[in-house]
Structures are given as structure tokens and as C-alpha cells.
Amino acid sequence: SGSLTVGELAEKLNKDSSEIIKKLMFLGVMATKNQDLDADSIELICEEFGVEVEEEVVVDDTDIENMTFDDDPEDLKERPAVVTIMGHVDHGKTTLLDRIRDTKVTEGEAGGITQHIGAYQVEEDGKKITFLDTPGHAAFTSMRSRGAQVTDIAILVVAADDGVMPQTKEAISHAKAAGVPIIVAVNKMDKEGANPDRVMQELMEYELIAEDYGGETIFVKMSAVKGEGIDELLEMIVLISEMEEFKANPDRPAYGTVIEAELDKGRGPVATLLVQNGTLNVSDSIVVGNTFGRVRAMVNDLGRRVKVAGPSTPVEITGLNNVPQAGDRFLVFEDEKKARSVGEARAQRQLEENRSATAKVSLDDLFEQI
Ligand code: GTP
Ligand code: MG
């Protein structure tokens with residue numbers, strides 16, 4: 001940033017390139033017209049010509065949302081699947097998530113502390129699975145509308161006694177738009193009036209066709225309340241993971257998505273991040289949405305302090321200057337100064353946007369009063 005070639009500097013100073021090159025030679029630097037000059041050389045040359053240099057504020061508009069990263073296929077390693085649970089209100093999403101966590105995370109592991117960090121990992125057949133505790137499609141929608149694709153597999157919960165409802169349909173269209181495999185969890189099988197066949201028939205209309213009906217969609221009959229069908233559901237997730245081979249490169253600076261964030265009275269801004277690629281480390285310089293900072297401390301889903309978080313790992317961090325939003329992207333920069341300039345530029349832009357929004361509102365208010 002802020003670099004100029006010899007030719008460009010000459011133009012700015014209204015000199016001939018050869019004069020610049022001569023001065024540089026005098027300073028012991030051999031340069032050509034198209035050579036880039038660093039800030040120090042530029043300052044020295046300007047001094048030589050008696051020109052004062054104004055500190056230029058560089059706006060670093062690195063677009064962290066639309067950056068693309070190419071990993072060498074050889075660097076890619078298996079990573080846990082990221083699973084989101086969706087479905088109609090009251091069909092049992094939260095109960096299912098809680099039940100999976102209860103059955104798979106032993107008391108000892110958790111250290112007796114129930115830490116809610118909005119996402120957690122369990123292990124089945126030696127394979128880790130990450131569950132996002134964003135039940136309700138609202139969070140899913142807001143993340144997707146902001147370009148954050150975080151889910152690998154969608155679990156569609158349908159209550160066997162209620163069948164396909166409006167939000168079931170919405171969930172299906174979200175999952176289809178995201179292009180992720182769908183597993184149907186036919187829940188509340190313990191209830192009187194449970195009718196799994198009706199659920200299967202209703203879902204045929206949405207091309208979710210059970211094997212019993214000649215299709216390929218996995219249906220798991222279960223009762224979240226009774227803990228029935230949980231193991232089968234997890235086995236099916238493992239099966240899909242094995243088929244899809246979700247991969248990431250753990251040996252690069254981390255990037256991913258904010259799952260949730262809040263301002264904690266004691267700890268300041270706290271954000272739960274899902275690392276989607278790379279490895280996040282304590283003291284990494286990070287840009288998160290329109291804020292930035294250095295990772296001060298990381299806590300995993302069991303409430304334990306950790307120093308590293310690899311791909312598909314949810315982790316809670318502190319050390320940010322401000323509170324980001326769910327769905328924001330985050331990106332680690334190896335260069336702390338770069339993180340700062342990108343972060344500051346984004347914070348500044350946000351501030352200006354807020355200001356102009358406020359200005360508009362007050363103008364409207366004014367007209368309303370007239
Ligand atoms: P929202 O977050 O409001 O969309 O609901 P949800 O899908 O998370 O449903 P939740 O897990 O809160 O369950 C709703 C109600 O259904 C609760 O009273 C649960 O106890 C009950 N429930 C969930 N699973 C089962 C089940 O397998 N059998 C029975 N009988 N009840 C269940
Ligand atoms: Mg719920």
C-alpha cells in the first residue's frame with residue numbers, strides 16, 4: 001500500500017525520472033523507471049527535493065466476503081460435517097439437539113458446566129460431527145442471504161403427528177437452495193396419532209422420497225423425548241460424511257462465519273465462530289465483519305480453554321473491538337497491520353453508513369412534523 005514507481009513519483013514531483021534515479025543513486029539505490037519504491041525511499045527523495053510528505057490515509061477495502069481461496073488438493077484433510085437442524089415450530093428441533101448432546105457428551109467431559117456456545121461437536125464411530133444450534137430457519141436464512149454457506153447437511157425435523165407444515169416447506173427450499181443433502185427426522189413417534197407414512201407421502205411432493213417408496217432420501221423415525229432413533233440419525237450423518245468427504249486445509253490462516261455474538265459485561269465482545277477452513281490460534285489477528293482484534297482467549301463447546309481450533313470447529317473468542325453480527329465472515333491475517341487497516345476501514349464504512357441512515361431518519365422526522 002502507498003507504493004509508487006520511480007516514474008509515478010517523478011510525475012507527482014514534476015521532475016524527470018532521470019533526476020529521481022540520480023538522487024536514488026546518490027543514496028546508494030540502483031533503480032529503474034518502473035521500479036516500486038517503498039515509503040522510506042519516497043520520503044527521502046521528497047526531502048531531497050524539499051517537498052513535505054503528507055501522511056496518506058490508506059483505505060484498505062479488502063473484501064473479506066468475496067475473497068476466494070485456493071487450496072492445493074494435496075493440503076486438504078478430512079473435516080467434520082457441519083449439520084443444521086431445521087423444521088416447523090414445535091416439531092422438536094431443540095429437544096433433538098439437546099438429546100444428541102446429552103447422549104454424546106458425558107458429564108465428565110463437560111466438567112459439569114453446561115456451556116452454551118451456539119454450536120457443539122459430538123463423536124460417532126470415531127468421527128466428529130458439528131451441530132449448529134441455530135434451530136429455526138430464521139438464522140439459517142439470514143446467514144444464507146448474507147452469503148454465508150455454513151451447513152453441509154440439513155436435518156429436516158417433521159413431527160409424525162403433525163406432518164408437513166409451512167415452515168417445513170420453507171426449510172426444504174432453503175436446504176435445496178443451499179444444495180446440501182437432507183435427512184428427514186420423523187420425530188414424535190411416541191405420540192398417539194403419529195403417522196410416519198403420511199409424512200413420507202406428503203414429502204414426495206418435494207422430491208424427498210423415502211427408500212420404502214423407491215427414492216433415495218434417508219428417513220429416520222425417532223422420538224427426541226425418549227431418545228429413540230438418535231444413534232441411527234448420527235450413523236446416517238456419518239454415512240453421508242463418508243460419501244461426501246468434507247475437506248479443508250488445516251494449515252492456513254483461518255476463515256469462517258460468526259454463529260452468534262454478544263457484549264459480555266466482564267469479557268467485552270464475545271463471538272462464537274465456526275472455523276470453516278484453516279486453523280484459528282490464540283493471538284491471531286482477525287477481521288470479523290466490521291470489527292477486528294486479536295484473539296485473546298478461545299473456549300470450546302465444552303467450556304474448556306483451547307489454543308487452536310481447526311476446520312469445522314465452533315469456538316468462542318474474546319479480544320474483538322466490537323460486537324459482530326451472526327452471519328458475518330471472519331478472516332485471519334498473518335500481518336497484524338493488515339488486519340488493523342482492513343478492520344478499521346470496515347468499521348469506518350459501517351460508521352458512515354449508520355450516520356447517513358440516522359441523517360435520513362431525522363430528515364424524515366422533520367418532514368413529518370411539518
Ligand atoms: P421452536 O424452537 O419453537 O421452533 O420449537 P422446536 O422445534 O425447537 O421444538 P421443541 O424441541 O421446543 O419441542 C416442542 C415441544 O415438543 C416440547 O414440548 C417438546 O417436549 C415436545 N417434543 C419434542 N420432541 C418430542 C418427541 O419426540 N415426542 C414428544 N411426545 N414430544 C416431543
Ligand atoms: Mg427450538
Side-chain angles (χ1 to χ4, degrees), residues 82-105 110 114-122 124 129-145 150-151 153-178 180-203 206 208 210 217-237 258-262 272 274 301 314 316 326-327:
V82 178
V83 180
T84 305
I85 300 195
M86 299 191 292
H88 193 69
V89 178
D90 272 356
H91 279 197
K93 301 175 293 292
T94 302
T95 310
L96 175 57
L97 274 162
D98 289 348
R99 183 53 80 135
I100 291 169
R101 194 173 196 196
D102 290 349
T103 42
K104 291 294 156 182
V105 179
T114 311
Q115 185 85 12
H116 176 85
I117 74 158
Y120 62 80
Q121 267 185 347
V122 300
E124 176 76 11
I129 306 167
T130 302
F131 283 94
L132 291 189
D133 193 1
T134 48
H137 57 281
F140 196 80
T141 312
S142 96
M143 281 194 199
R144 245 186 8 90
S145 69
V150 291
T151 308
I153 298 172
I155 307 289
L156 180 68
V157 179
V158 187
D161 62 335
D162 207 19
V164 173
M165 298 303 273
Q167 284 168 289
T168 315
K169 295 176 196 169
E170 277 175 41
I172 294 169
S173 65
H174 290 316
K176 287 202 167 172
V180 298
I182 301 171
I183 298 176
V184 181
V186 184
N187 192 32
K188 305 200 185 184
M189 284 297 291
D190 61 290
K191 278 187 100 172
E192 223 171 280
N195 188 347
D197 288 318
R198 195 189 71 180
V199 174
M200 289 183 191
Q201 276 157 22
E202 286 174 344
L203 284 174
Y206 303 91
L208 295 174
T217 305
I218 298 171
F219 279 70
V220 179
K221 293 174 194 164
M222 59 180 308
S223 165
V225 154
K226 299 214 156 165
E228 288 162 10
I230 303 279
D231 284 330
E232 194 188 338
L233 183 67
L234 294 176
E235 277 163 28
M236 292 305 153
I237 293 169
V258 177
I259 301 303
E260 57 185 19
E262 60 173 18
T272 300
L274 175 71
D301 59 333
E316 190 188 77

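Remember, it's 1-based here, ligands and their atoms both numbered in the order they're listed.
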**Nearest atoms (heavy-atom pairs only) where Ala171 meets Leu156** = CB-CD1, 3.7 Å
**Under 4.0 Å to a heavy atom of Lys191 - the qualifying atoms of ligand 1, by number** = 30 (N)
**the Mg ion (ligand 2) to nearest N/O/S of Thr94 below 2.8 Å** = yes
**Prompt:** Counting distance only, does the side-chain N/O of Asn187 pair as donor-acceptor with the main-chain N or O of Ala224 below 3.5 Å?
**Reply:** yes
**Message:** Which option wins on minimum heavy-atom distance to atom 8 (O) of ligand 1: Thr94, Thr95, Ile85?
**Reply:** Thr94
**Request:** For His88 and ligand 1, answer yes if some heavy atom of the residue is under 4.0 Å from a ligand atom, otherwise no.
**Result:** yes
**Complete:** When rounded to the nearest 0.5 Å, the distance separating CZ of Phe219 from CE of Met200 is 6.0 Å
**Request:** Decide, yes or no, whether a salt bridge links Asp161 with Lys188 under the criterion of side-chain N to carboxylate O below 4.0 Å.
**Result:** no
**Message:** Give me the atom names and distance for the closest heavy-atom approach of Glu202 to Val164.
**Reply:** OE1-N, 2.8 Å
**Asked** Under 3.5 Å between some N or O of ligand 1 and some N or O of Met222?
**Response** no
**Prompt:** N/O to N/O below 3.5 Å, does that happen between Leu96 and ligand 1?
**Reply:** no
